[in-house]
Amino acid sequence: MSFSHLSHLECGRCGARHDSERPQNLCVKCGSPLLARYDLAAVRSSVRPEEIAGRAPDLWRYHELLPVRSPESVVTLGEGMTPLLPMARYGARIGLPRLLMKDEGLIPTGSFKARGAAVGVSRAAELGVERLAMPTNGNAGAAWALYGARAGLAATVVMPVDAPEITRRECVASGTDLYLVDGLISDAGRIVGELVAASGGKVFDTSTLKEPYRIEGKKTMGIEIAEQLGWRTPDVILYPTGGGVGLIGIHKALAELRELGWISGPPPRLVAVQAEGCAPIVRAFEQGERESSYWEGANTVAFGINVPKPLGDFLILEALAETSGTAVTVTDEELLAELRQVAALEGTYVCPEGAAAFAAARKLRETGWIGEDEQVVVLNTGAGVKYPQTVPVDAPVLAVDAHLV
Ligand SMILES: *Cc1c(COP(=O)(O)O)cnc(C)c1O
Ligand SMILES: [Zn+2]
């Protein structure tokens, strides 16, 4: 009985096979992201979905479909099995009475980046990596820094100066080497790339999709949604898309579950939601392209989705095409207004990226792309409390002896 049924790594573009038992970055043939492949027949004969119900409520309950070989290698802060909440009042308001929210705000480090970090860090440490380096828009760097600390790994993180401030404090607290760059995540990526190249293999590049296991952590959102719905899938899943790892991961997870025979029927239509100020995927989708082109002047308050040229763009666009999905933009004004609507009607303080996905659900209902009777899942990818500036406060200040009556 294996803890993991990982068999090998496969290039997402050219299909070249790579050894999964040593640290790997991009495909050596074509430079594209590598995807983990499993012996699904062995998974099918070793575990039934009903057995999983009895396991601990974290993402490691799906260990057969994760890349970590040994239970002793698992680095965990209790991530996973976040609530799938009905959003009845807000849903009724926007014409989607069956709306659900997968709330990643409750996860360690306050964003779903914890999933990718838990699995990526565990596997990197298992394979003997000692130092990580990565560019980030904030949340990923914070998560990898903290999980890295738990695993005893050193880390170098480079983030834009205007990334959410709390994320740099998380890096500093965890003892990470932190650098701020007066630019975008793409600028941070170039700096990290040079550091890694000059390190002679001593520093492992954990940039988005440049190592294969972050996506495995994030795919567990897709498995959880299916399990929480009784091994069924919803009609539509909306996802705030930056690097697109979560969307690619959910698509991958549902394909694996279908092959296992644990779910059936048509896949949920996947929706990539982007901000109007940074929408390379939406533009490529609308123009029928297979890849995106660099988005000049990227800018949005939804910092986690401010990615001008995602490395896995072709995988995101493939996932949209294969599921009859779509890609839409919302403005910063729309998402900030939505954030307050959701909090006022449901008591959930979502992150700006999650708010963008809610605003997109509203728009797609208005255009009729989503029907009233459809079951819709919105991913809230992080905790609103990580972004204290998104809601302005002009509350009156009272004198200590004041009265309100
Ligand atoms: C990183 C991030 C995203 C985008 O995730 P990708 O998988 O890179 O598309 C969305 N929301 C939040 C809060 C994030 O931190
Ligand atoms: Zn390749």
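Atoms considered below: every heavy atom in the structure, side chains included; atoms not considered: hydrogens, waters and symmetry mates. Please read all numbers here as calculations on a predicted model, not as lab measurements.
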Distance-only side-chain donor-acceptor flag, Glu79 / Trp60, under 3.5 Å: yes
Mark yes or no for whether Arg89, through its side chain, and Leu345, through its backbone, hold a donor-acceptor pair below 3.5 Å. yes
Short side-chain to backbone donor-acceptor contact, Lys113 and Gly382, under 3.5 Å: no
Stepwise side-chain hydrogen bond (donor to acceptor under 3.5 Å, both in side chains) test for Asp332 and Thr300: CA-CA 6 Å; Asp332 279 4; Thr300 168; 2.7 Å; yes
Can you check whether Val172's main-chain N or O pairs, donor with acceptor, with Thr176's side chain at less than 3.5 Å? no
Determine whether Cys278 and Asn299 make a side-chain contact, defined as any pair of heavy atoms from C-beta on separated by less than 4.5 Å. no
Contacts of Tyr387 that satisfy side-chain hydrogen bond (donor to acceptor under 3.5 Å, both in side chains) - sequence neighbours left out: Asn139, Glu353
Check: residues 237-251 side-chain donor-acceptor pairs under 3.5 Å, at least two apart:
| residue | atom | partner | partner atom | Å |
| --- | --- | --- | --- | --- |
| Tyr239 | OH | Gly246 | N | 3.1 |
| Thr241 | OG1 | Tyr239 | O | 2.9 |
| His251 | NE2 | Glu322 | OE1 | 2.7 |

Going by distance alone, is a donor N or O of one side chain under 3.5 Å from an acceptor N or O of the other, for Ser2 and Ser4? no
Could you please spell out the steps behind the salt bridge (charged side-chain N to carboxylate O under 4.0 Å, His left out) verdict for Glu289 and Arg283? CA-CA 8 Å; Glu289 305 285 347; Arg283 182 171 62 189; over 6 Å; no
Applying salt bridge (charged side-chain N to carboxylate O under 4.0 Å, His left out) to Arg362 and not counting sequence neighbours gives Glu338
Establish, from distance only, whether the side-chain atoms of Thr323 and Arg269 form a donor-acceptor pair under 3.5 Å. no
Check for a donor-acceptor pair, side chain of Trp144 on one end and backbone N or O of Ala155 on the other, with a separation under 3.5 Å. no
Classify the side-chain pair Thr206/Arg214 by whether it contains a donor and acceptor separated by less than 3.5 Å. no
Would you check if Pro160 and Asn137 make a side-chain contact, meaning some heavy-atom pair closer than 4.5 Å? yes
Just checking, is any N or O donor in the side chain of Gln375 or Arg232 under 3.5 Å from an acceptor N or O on the other one? yes
Cation over ring face, Arg290 and Phe314, 6.0 Å, 45°: no
Say whether Glu216 and Tyr38, considering side chains only, have a donor N or O and an acceptor N or O under 3.5 Å apart. yes
Backbone N or O of Gly95 within a donor-acceptor pair of the Glu372 side chain at under 3.5 Å? no
Short side-chain donor-acceptor distance under 3.5 Å, Tyr62 and Glu227: yes
Let me see the working for Glu374 and Arg365 under salt bridge (charged side-chain N to carboxylate O under 4.0 Å, His left out), right down to the final yes or no. CA-CA 10 Å; Glu374 293 197 286; Arg365 177 68 197 99; over 6 Å; no
Strictly distance-based, threshold 3.5 Å: is any side-chain N or O of Asn380 a donor or acceptor partner for the main-chain N or O of Cys351? yes
Using 30° and 60° as the class limits, which term best fits the ring planes of His63 and Phe3: parallel, tilted or perpendicular? parallel
Does Glu346 use its side chain to pair, donor to acceptor, with the backbone of Ala343 at less than 3.5 Å? no
Side chains of Lys102 and Thr82: donor-acceptor distance under 3.5 Å anywhere? yes
Is there a donor-acceptor pair closer than 3.5 Å between any side-chain N or O of Gln24 and the backbone N or O of Asp19? yes
To check you understand the geometry: which heavy-atom pair defines the closest contact between Val273 and Ala360, and what is its length? CG2-CB, 3.5 Å
Spell out, as yes or no, whether a donor-acceptor pair under 3.5 Å connects the side chain of Arg98 to the backbone of Asp373. yes
Does any N or O in the side chain of Glu211 come within less than 3.5 Å of the main-chain N or O of Gly120, such that one atom is a donor and the other an acceptor? no
Just by distance, with hydrogens left out, do Asn25 and Asp205 show a side-chain donor and acceptor under 3.5 Å apart? no
